[in-house]
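Treat the numbers as computed from the prediction; the structure is a model and nothing was measured. In what follows, residues are counted from 1 in the order of the sequence shown.
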Amino acid sequence: MMKSSNSPLYLLSCLLMLLLLPVPSLSADPDSLQDFCVADLNASISINGFPCRPASKVNASDFFFDLSKEGVTNTSNLNSSVTPANVLAFPAVNTLGISMNRVDFDLGGLNPPHSHPRATEMGLVVEGSILVGFVTTSNVYYSKVLTPGEVFVIPRGLVHFQKNVGNKKGIVFTSFNSQMPGVVLASTTLFGSQPPMPNEVLTQAFQVDDAVVNSIKSKFGS
């Protein structure tokens, strides 16, 4: 006999089914099912990550990474440098759902507006006075100048930046809940893509003419 859709037993059964359904993890990356999986970056097959290097080919040095060296900040007019410790640079974080960056700022240095599609970011200011800002999906801008010892958090996917507004060099260490958070640089994405994004899209979006768009594209190699 079919149970009534309004019966308490039927409703209880539905509730139990919902509770037993697999629930997506709140972390950016899946939980690991083993102690470690040091990435084999040279593997020919990769399924949403990297396959594991055989444990026999793993040694102690694989689990340590050096972020003590200052990055070169004078290679562009941004006067900043990002040193990543993601899975590509630090294969031991493969499957662990975590990574870090070191960001160095010269005077006036800028880590330009960007987003991380796969991770929330938390950062610790170690040196300098750093303006940190982000914009929500409701187009609300939040910002604050942070000094050494202060921490910020950027929700996953939101556009944000950091700028050194002090009178000396700055250093920020950031962490992510993903082995490979990804980065989408607003300026490069829009004006430096290959093949180039159509001018008619950019002129209409920014309410400017072709000359302005072409001028900006020329600065980003498009």
Side-chain angles (χ1 to χ4, degrees), residues 20-73 75-76 78 80-104 111-124 153-162 172-198 201-202 217 219-222:
L20 292 173
L21 285 174
V23 179
S25 170
L26 296 179
S27 63
D29 293 342
D31 287 336
S32 179
L33 298 177
Q34 56 221 346
D35 287 345
F36 60 81
C37 176
V38 178
D40 181 355
L41 301 180
N42 296 317
S44 58
I45 298 175
S46 177
I47 303 174
N48 198 28
F50 294 94
C52 307
R53 193 186 306 167
S56 61
K57 295 185 178 180
V58 173
N59 56 60
S61 63
D62 288 314
F63 299 99
F64 300 91
F65 191 83
D66 187 5
L67 282 178
S68 65
K69 298 177 181 177
E70 181 179 351
V72 179
T73 59
T75 57
S76 71
L78 296 175
S80 68
S81 173
V82 177
T83 305
N86 56 37
V87 68
L88 297 180
F90 190 13
V93 302
N94 189 45
T95 76
L96 299 183
I98 192 169
S99 60
M100 293 185 68
N101 282 347
R102 171 179 172 147
V103 190
D104 289 283
N111 190 12
H114 62 281
S115 63
H116 302 290
R118 296 185 288 273
T120 292
E121 174 181 349
M122 179 172 280
L124 169 67
V153 65
I154 307 294
R156 182 171 68 177
L158 297 186
V159 174
H160 60 284
F161 69 89
Q162 298 102 33
V172 175
F173 284 94
T174 59
S175 61
F176 306 90
N177 62 336
S178 172
Q179 67 183 41
M180 191 65 177
V183 59
V184 179
L185 280 170
S187 52
T188 304
T189 299
L190 293 172
F191 297 99
S193 66
Q194 293 295 335
M197 189 174 292
V201 172
L202 296 171
K217 279 188 173 183
K219 301 178 188 302
F220 293 94
S222 179

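Distance alone, capped at 3.5 Å, places no donor-acceptor pair between the Ser99 side chain and the Ala85 backbone. Under a 3.5 Å cut-off, the side chain of Asp104 and the backbone N or O of Gly71 do form a donor-acceptor pair. With Ser178 contributing its side chain and Met180 its backbone, the two residues share a donor-acceptor pair below 3.5 Å. Without hydrogens or angle criteria, Asn94 side chain to Cys37 main chain gives a donor-acceptor distance under 3.5 Å. For the pair Asn101 (side chain) and Val103 (backbone), a donor-acceptor distance under 3.5 Å is absent.
Within the 4.5 Å cutoff, no side-chain heavy atoms of Pro51 are placed close to those of Ile45. Residues Leu88 and Phe50 form a side-chain contact, since some pair of their non-hydrogen atoms from C-beta on lies under 4.5 Å apart. The closest side-chain heavy-atom distance from Lys219 to Phe191 is not below 4.5 Å. Contact of the Asp62 side chain with the Arg53 side chain is registered, since non-hydrogen atoms from C-beta on lie closer than 4.5 Å. In this structure the side chain of Thr75 never reaches within 4.5 angstrom of the side chain of Ser81, judged on heavy atoms. Residues Phe63 and Val58 are in side-chain contact: their nearest non-hydrogen atoms beyond the backbone lie under 4.5 Å apart. Between Leu190 and Met197, the closest side-chain pair of non-hydrogen atoms falls below 4.5 Å.
The structure places CG of Asn86 at 9.0 Å from CD of Gln179, a figure rounded to the nearest 0.5 Å. Taken from CG in Leu185 to CG in Asn111, the straight-line distance is 8.0 Å, to the nearest 0.5 Å. To the nearest 0.5 Å, atoms CE (Met122) and OG1 (Thr174) are separated by 11.5 Å. The CG atom of Leu124 lies 8.5 Å from the CZ atom of Phe173; values are rounded to the nearest 0.5 Å. How far CD of Glu121 is from CG of Asn177: 10.5 Å, rounded to the nearest 0.5 Å. Distance CD/Gln162 to NE2/His114: 5.5 Å, rounded to 0.5 Å.
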- Query: Under the side chain to side chain contact (heavy atoms under 4.5 Å, CB included) criterion, do Lys69 and Thr83 qualify, and how do the steps go?
  - Reply: CA-CA 9 Å; Lys69 298 177 181 177; Thr83 305; over 6 Å; no

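Between Asp40 and Lys57 no salt bridge is recorded (no basic side-chain N to carboxylate O distance below 4.0 Å).
Counting all heavy atoms, side chain and backbone alike, Val184 lies closest to Pro117 at CG2-CD, 4.1 Å. In terms of heavy atoms, Ser193 sits closest to Pro195 at OG-O, 3.1 Å.
Taking the six-membered ring where the residue is Trp, His160 and His116 present tilted rings, their angle falling between 30° and 60°.
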